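These notes are about the structure you will find just below.
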Protein chains: 2
Amino acid sequence: MTGTRGRIDKRQAILEAAFTVFARDGYRAASVDTVAATAGVAKHTIYNHFGDKQSLFRAAVAALADDALARNLAAIETLRPERDPVEALTEVGLKLAKCYCDEKSWAVRRLLQAELGSMPELQDIVRERATDKVNDALADRLARLALAGHLRLSDPAVAAEQFGALLTAPFDARSRLGTRKIPFNELAEVTQNAVQTFLRAFGVR
Amino acid sequence: MTGTRGRIDKRQAILEAAFTVFARDGYRAASVDTVAATAGVAKHTIYNHFGDKQSLFRAAVAALADDALARNLAAIETLRPERDPVEALTEVGLKLAKCYCDEKSWAVRRLLQAELGSMPELQDIVRERATDKVNDALADRLARLALAGHLRLSDPAVAAEQFGALLTAPFDARSRLGTRKIPFNELAEVTQNAVQTFLRAFGVR
DNA sequence: AAAAGAATGCACTGGTGAGTGCAGTTTATA
DNA sequence: TATAAACTGCACTCACCAGTGCATTCTTTT
């Protein structure tokens with residue numbers, strides 16, 4: 001009666017393979033046989049663990065969303081009110097930009113958007129696990145910066161929304177929706193631009 | 001030898017039906033039979049006009065991209081340097097936001113992103129026809145505003161990029177990727193926020 | 001009116017993929 | 001060591017769908 005119900009290593013291997021294959025081929029074009037082959041596992045094992053293709057997909061996406069949340073929150077932690085706001089915002093911005101431009105992040109967003117029609121719950125899975133929490137955490141930190149006298153803002157939620165917008169939206173075009181890898185200096189440039197504009201609008205100067 | 005080669009009305013009906021079905025079901029899940037039925041046309045007719053499923057898809061997406069471009073450019077026309085910049089930016093912002101939140105726009109972006117892997121050319125089709133031109137046009141107008149002394153900016157391209165970011169990115173979250181319809185007052189609110197922040201950063205005050 | 005071109009309906013091929021059934025093997029637990 | 005549970009390999013069903021072939025029926029042009 002130990003915790004090895006379902007042989008965790010296999011389950012993990014399946015989840016990783018599933019994400020790889022789904023990300024490469026898309027949900028519909030990916031076959032369960034391919035996932036099985038990639039994971040080095042019999043097709044039956046997959047059906048034992050996850051029941052059907054949809055559930056496997058949901059599980060894979062959820063796992064990735066958890067990952068992404070952790071990395072984003074870790075980045076936001078860096079934003080402490082006792083630091084120099086320019087420096088701190090730039091560092092956090094760069095970290096968040098890196099998260100956003102991660103290959104897996106692109107894949108999750110792509111899969112999510114593609115299958116929205118057939119599996120609306122996906123939206124909530126990802127939003128509850130990641131997006132919302134990241135925005136809240138960022139808003140909290142910005143509020144503390146404002147309280148410390150480093151920013152002048154009326155609504156921290158809006159400020160977080162806009163900081164995020166300035167930081168991520170430019171990459172949609174620049175990386176051609178994740179097709180092209182963004183070189184580091186461009187990452188830094190966009191971050192720089194975002195922080196500069198954000199501080200021009202909300203900084204105390 | 002008149003211009004009716006291919007019976008335009010049928011071709012048009014097919015394109016519209018194709019887009020409807022693709023947008024609803026996604027590229028792979030949509031069957032050519034369904035498109036034919038929706039268009040009220042025999043399957044053969046589709047193959048006569050477009051050759052195969054992929055070409056039909058490309059044609060449908062391209063047609064929609066042309067539409068979107070026209071609407072976006074029309075919106076940007078409104079941005080004339082002799083007008084009051086706050087008013088002008090707000091009006092243009094609202095129009096652009098409306099374009100971005102249009103149901104068809106969401107569908108195009110969804111389909112595009114979903115099929116990027118299997119049809120990379122799509123990216124270029126849409127970018128050449130719409131995105132790039134819109135950005136350029138916006139940058140041009142912002143440059144003229146700056147020249148007229150209404151804005152203080154070093155790089156109009158970056159300014160356009162950021163105005164676009166502030167204007168569109170918030171809707172990704174707020175409309176849940178196009179799932180939820182944005183009520184007008186929220187559209188106005190986001191636009192308001194965007195213009196306000198943009199002018200705080202780049203306005204002459 | 002005749003001929004050419006489009007469009008239609010229907011049946012058919014060939015391919016693919018989700019999910020199941022089964023018989024046998026490995027691994028862990030008691 | 002016995003026994004249950006998990007895993008494997010393979011074959012099989014069933015459904016769906018892109019694309020084609022053909023005989024027939026409009027529609028347009030000359």
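Note on naming: letters A, B, ... go to the chains in the order of the sequence lines (proteins, then strands), and numbering restarts at 1 for each one. All values reported here derive from a predicted model rather than from experimental measurement.
- Backbone-only engagement by A:D52 is indicated by non-hydrogen atom pairs under 4.0 Å involving sugar-phosphate atoms exclusively.
- Computed from coordinates, the B:N48 CG to D:dG21 P distance equals 12 Å when rounded to whole Å.
- A straight line from CZ of A:F50 to P of D:dA6 spans 14 Å, rounded to a whole angstrom.
- OP1 or OP2 of C:dT8 lies within a sub-4.0 Å distance of a side-chain N or O belonging to B:K10.
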Stepwise, does the side chain to side chain donor-acceptor pair (under 3.5 Å) test hold for A:T90 with A:E87? CA-CA 5 Å; A:T90 307; A:E87 250 181 50; over 6 Å; no
Decide yes or no on side chain to side chain donor-acceptor pair (under 3.5 Å) for B:T45 and B:K10, but give the supporting numbers first. CA-CA 9 Å; B:T45 310; B:K10 296 262 166 184; over 6 Å; no
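- For the pair A:D9 CG and C:dA28 C1', the interatomic distance rounds to 13 Å; values are reported in whole Å.
- Residues A:L96 and A:T168 have side chains not in contact (no heavy-atom distance under 4.5 Å, counting atoms from C-beta outward).
- The base of D:dG19 lies outside donor-acceptor range of the side chain of B:H44, with no N or O pair under 3.5 Å.
- Of the listed nucleotides (C:dT8, D:dC7, D:dG19), D:dC7 has the atom at the smallest distance from the side chain of A:T45.
- Comparing A:V32 and B:V41 by the nucleotide of DNA chain C whose heavy atom lies nearest to each, the residue mapping closer to the 5' end is B:V41.
- Few gaps surround CD on A:E121; more than 12 heavy atoms of other groups in view lie less than 6.0 Å from it.
- Rounded to an integer number of Å, the gap from A:R28 CZ to C:dG19 C1' is 15 Å.
- For the pair A:K53 and A:Y27, the cation-pi criterion (under 6.0 Å, within 45° of the ring axis) is fulfilled.
- Atom NZ in A:K53 sits about 14 Å away from atom P in C:dT20, given to the nearest Å.
- The interatomic distance linking A:F57 (CZ) with C:dA18 (P) rounds to 13 Å, in whole Å.
- Nucleic acid contact class of B:A36 (heavy atoms, under 4.0 Å, all strands): none.
- Going from atom CG of B:D33 over to atom P of C:dT8 covers 14 Å, rounded to whole Å.
- Among D:dA18, C:dG17, C:dT8, the nucleotide with an atom closest to any side-chain atom of A:S31 is C:dG17.
- Atom CD of B:Q12 and atom C1' of C:dA6 are 18 Å apart (whole Å).
- No hydrogens or angles were tested; on distance alone, a donor-acceptor pair under 3.5 Å links the side chain of B:K43 to the base of D:dG19.
- Among the nucleotides D:dG19, C:dT20, D:dT8, the one closest to any side-chain atom of A:Y47 is C:dT20.
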